Protein chains: 2
Amino acid sequence: MPTASKAKPASNGRGRRAASTSGDERERAILETAERLLEERPLSEISVDDLARGAGISRPTFYFYFPSKDAVVLTIIDRLVVAAADSREEALKMLAAGEPRAGLRQALADLYGAFRSRRGVSLAAAELRLTNPEARELWSQVMEGWVADTAAVIEAERSRGAAPPGQPARDLAIALVQMNERVQYATFTGESPSLDEDRVLDVLVEIWLRTIYGTAEPS
Amino acid sequence: MPTASKAKPASNGRGRRAASTSGDERERAILETAERLLEERPLSEISVDDLARGAGISRPTFYFYFPSKDAVVLTIIDRLVVAAADSREEALKMLAAGEPRAGLRQALADLYGAFRSRRGVSLAAAELRLTNPEARELWSQVMEGWVADTAAVIEAERSRGAAPPGQPARDLAIALVQMNERVQYATFTGESPSLDEDRVLDVLVEIWLRTIYGTAEPS
DNA sequence: AAACCCTATCAACACCGCGTCGAGAGCTTC
DNA sequence: GAAGCTCTCGACGCGGTGTTGATAGGGTTT
């Protein structure tokens, strides 16, 4: 069961003990190696040995720092997710401040930017989700957060009369959030039918607006 | 390089020679075993040995019939894709017959049904795409087909004045088609935020209509 | 019927990636 | 200077993949 978490002494559950000697650099070196390699090739083509060598240690020694390759990636994803959540906070304020269209665009742009700036990690998250229950759970929570926020916005707009009624807000939110995930993923990989880096936001925003307001012109 | 195609004597590129002896049943047995197991568990948890045993042969003998596990799955996906393409033909006629809203719903329903009826295979396709270039290419062509059809519909509706202008038809089509893929995938796996089996169509149709017509009420 | 060939089969092998075990080496620190 | 940490790695076992070589049987050719 190559999953993750179980930890040697004590810590957040992933890495190692709290903190201390110089070997702490090694942990960082492993994480940095992983981030670097993920920008070059998919997770499935990176082995524990690659991570160990990249950090200047042997494969068994790697296991002193992390219980598995998945655990390393999960740690990295965790950080990305936290960073993305911060972006969201910002955008939400704007949305609440009564600028739905500009706010929405800003929110989608921030989200896109957060993942775009760590392309490799984002793709690794999608890949890991397929085989790793912890990754699935983590991503699930992330999605749930965005869905809840989106649904709240839709409901707010409906009850102030700016958006027409229709399918349940939460259901629309789920589809929209999943659309963004898939569209962004395609753009990052550059797979065959995919949106251009510089058009993706315009297209997503238009679909969100039309879906929420029934038309691209609110009210 | 565990990819596929290279074939022993001559055939479609995947399986074996044209046709002949009794060992032909074996080939079918392998394919059937794969389909059966894929309804039970993900591709990554199925080994060549599982397929061989399921077909009543040893692992080396499996390699007489297929060059790899991937090749088996690609063959199966190929068939599903062909079946789905047929559904699309049907729905396109309806769309062309001047019933855009009913036709669109029918098209999405047919597509959903085609993949729903082979849930396991559909999920395997998504999984294989991540690691196998042939699968990526195949899926890419499938998506391209749907995108082209969708874009054509949008353009037709715009030029007859039923749909308002907006982002380029092809760009909207890409996002919509990818949304469907992701939303359906989520529904099939039952992952955490996901649409209910029986709500998914209503939601997708509403988003498509609003995106294309600017409102859920055409014209 | 013996030689030959083609289909089909599998035991045994080589390889790779993962994760573990046990034996240290180098530091404190008492 | 012995005990006790942190850190390191050689060597192992496991499970998966794909290949090799030997072989058995049916189908023809001669």
Side-chain angles (χ1 to χ4, degrees), chain A residues 1-11 14-30 33-34 37 41-74 127-128 131-132 134, chain B residues 1-11 14-30 33-34 37 41-74 127-128 131-132 134:
Chain A
M1 280 122 210
T3 325
S5 91
K6 146 186 49 179
K8 303 250 158 170
S11 73
R14 229 90 74 187
R16 289 173 309 144
R17 93 266 93 182
S20 59
T21 55
S22 71
D24 228 10
E25 287 171 42
R26 252 70 213 263
E27 189 168 331
R28 267 188 33 243
I30 291 173
T33 302
L37 294 183
R41 50 183 199 269
L43 179 57
S44 57
E45 285 169 27
I46 296 172
S47 69
V48 170
D49 206 59
D50 293 333
L51 298 181
R53 290 178 173 285
I57 54 179
S58 72
R59 210 167 56 79
T61 300
F62 166 92
Y63 289 99
F64 178 78
Y65 294 98
F66 291 94
S68 68
K69 178 175 75 172
D70 285 9
V72 175
V73 180
L74 237 15
E127 202 175 336
L128 198 57
T131 54
N132 185 302
E134 264 196 88
Chain B
M1 280 125 209
T3 324
S5 88
K6 147 184 51 181
K8 304 251 158 168
S11 70
R14 230 89 75 191
R16 285 175 312 144
R17 94 265 93 187
S20 60
T21 56
S22 71
D24 228 11
E25 288 171 42
R26 251 70 213 263
E27 190 167 329
R28 268 189 29 246
I30 291 173
T33 302
L37 294 184
R41 49 183 199 271
L43 179 57
S44 57
E45 284 170 26
I46 296 173
S47 69
V48 169
D49 205 59
D50 293 333
L51 298 181
R53 290 177 174 285
I57 55 180
S58 71
R59 211 168 55 78
T61 299
F62 165 92
Y63 288 101
F64 178 79
Y65 295 98
F66 291 94
S68 67
K69 181 176 75 174
D70 285 9
V72 175
V73 180
L74 274 171
E127 201 174 338
L128 199 57
T131 54
N132 185 301
E134 265 197 87

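The chains referred to below are lettered A, B, ... by the order of the sequence lines, with proteins before strands, and numbering in each begins at 1. Note that the coordinates shown come from a computational prediction; the quantities given were computed from them, not determined experimentally.
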Q. Is there side-chain contact between A/Y63 and A/V48, with at least one heavy-atom pair below 4.5 Å?
A.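 The answer is yes; the side chains approach within 4.5 Å.
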
Rounded at 0.5 Å granularity, tell me how far [atom1] in [X] sits from [atom2] in [Y].
| X | Y | atom1 | atom2 | answer |
| --- | --- | --- | --- | --- |
| A/T131 | B/E127 | OG1 | CD | 8.0 Å |
| A/L37 | A/E45 | CG | CD | 11.5 Å |
| A/L43 | A/N132 | CG | CG | 9.5 Å |

Please give, in whole Å, the distance from [N] [atom2] to [X] [atom1]?
| X | N | atom1 | atom2 | result |
| --- | --- | --- | --- | --- |
| A/I30 | D/dT8 | CD1 | C1' | 12 Å |
| B/K69 | D/dG18 | NZ | C1' | 13 Å |
| A/F62 | D/dT8 | CZ | P | 13 Å |
| B/E27 | C/dT7 | CD | P | 14 Å |
| A/D24 | D/dT8 | CG | P | 11 Å |
| B/Y65 | D/dT19 | OH | P | 17 Å |
| B/D70 | D/dG18 | CG | P | 8 Å |

Taking only N/O atoms, report every protein-nucleotides 10-16 of chain C pair under 3.5 Å with atom names and distance.
from, atom 1, to, atom 2, distance (Å)
C/dC10, OP2, B/S58, N, 2.9
C/dC10, OP2, B/S58, OG, 3.0
C/dC10, OP2, B/T61, OG1, 2.8
C/dC10, O5', B/S58, OG, 3.4

**Q.** Any residue of residues 43-53 of chain A with a heavy atom less than 4.0 Å from an atom of DNA chain D
**A.**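 Result for residues 43-53 of chain A: none.
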
Q: Output yes when a side-chain donor or acceptor of A/K69 lies under 3.5 Å from a complementary backbone atom of A/L51, and no otherwise.
A: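 Checked: no pair found.
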
Quiz: residues 55-62 of chain A side-chain donor-acceptor pairs under 3.5 angstrom, not counting sequence neighbours:
from, atom 1, to, atom 2, distance (Å)
A/S58, OG, A/T61, OG1, 3.1

(Q) My understanding is that only residues two or more places apart in sequence, or in another chain, count here; which of them pass side chain to side chain donor-acceptor pair (under 3.5 Å) with A/R28? (A)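 Counting only residues at least two positions away or on another chain, A/R28 forms no side chain to side chain donor-acceptor pair (under 3.5 Å).
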
**Q.** Step-by-step side chain to side chain contact (heavy atoms under 4.5 Å, CB included) determination, A/I30 to A/E27
**A.** CA-CA 5 Å; A/I30 291 173; A/E27 189 168 331; 5.7 Å; no

